[in-house]
Amino acid sequence: SKIERVGSAISTEVATKYPDKVIIVLERTDGFYKIHARCQQGKFHLGRLLRNMGVGGGHENAAGGRVKMKELDDFRERFLKELKLVKSLY
């Protein structure tokens, strides 16, 4: 449905305006946050990053997943740590 694609559309729109940034949009659902990740830069694989974290997967420039609400802070810290690690390779 259209409602389910709002986070995806927003993350894509923002990523298009800021192609050098990693964009994360979270949608709250029943006990979870749905993750919409975008990066137009293409220097690393967002899907692989989320898959390696055990929260999702997807494509190089567009990925998604979900995280329990109570684990959001942990996800944020882990994601930023992984992102710094990946970016340090370039």
Does Phe75 have any ring pair (Phe, Tyr, Trp, His ring centres under 6.0 Å) partners at least two apart in sequence or in another chain, and if so, which?
Phe79

Can you tell me which residue pairs pass the salt bridge (charged side-chain N to carboxylate O under 4.0 Å, His left out) test with a partner in residues 49-71, sequence neighbours excluded?
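Checked against salt bridge (charged side-chain N to carboxylate O under 4.0 Å, His left out) - neighbours excluded - no pair reaches residues 49-71.
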
Out of curiosity, [X] [atom1] to [Y] [atom2], how far, rounded to the nearest 0.5 Å?
X	Y	atom1	atom2	value
Ile35	Glu27	CD1	CD	11.5 Å
His36	Ile23	NE2	CD1	13.5 Å
Lys34	Thr29	NZ	OG1	8.0 Å
Leu49	Leu85	CG	CG	9.0 Å

Ala37 versus Ile24, closest heavy-atom pair with distance
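Shortest heavy-atom separation between Ala37 and Ile24 comes out as CB-CD1, 3.5 Å.
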
Least distance between heavy atoms, Pro19 atom then Cys39 atom
O-SG, 4.4 Å

Positive for side chain to side chain contact (heavy atoms under 4.5 Å, CB included) with Val67, one of Leu50, Leu72, Asp74:
Leu72

Listed once per pair and sorted, the side chain to side chain donor-acceptor pair (under 3.5 Å) pairs that draw on residues 12-24, sequence neighbours left out
Thr12-Arg38

Considering residues at least two apart in sequence or located in another chain, which fulfil the side-chain contact (heavy atoms from CB on, under 4.5 Å) criterion with Arg76?
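Partners of Arg76 by the side-chain contact (heavy atoms from CB on, under 4.5 Å) criterion, ordered by chain and then number, come out as Leu80.
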
Tell me every residue that passes side-chain contact (heavy atoms from CB on, under 4.5 Å) with Ile10, counting only those two or more places apart in sequence or in another chain.
Val6, Val14, Val25

Would you kindly confirm whether Leu26 and Phe32 end up in one hydrophobic cluster when ILVMFWY residues are joined by side chain heavy atoms under 4.5 Å apart?
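Cluster IDs for Leu26 and Phe32 differ.
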
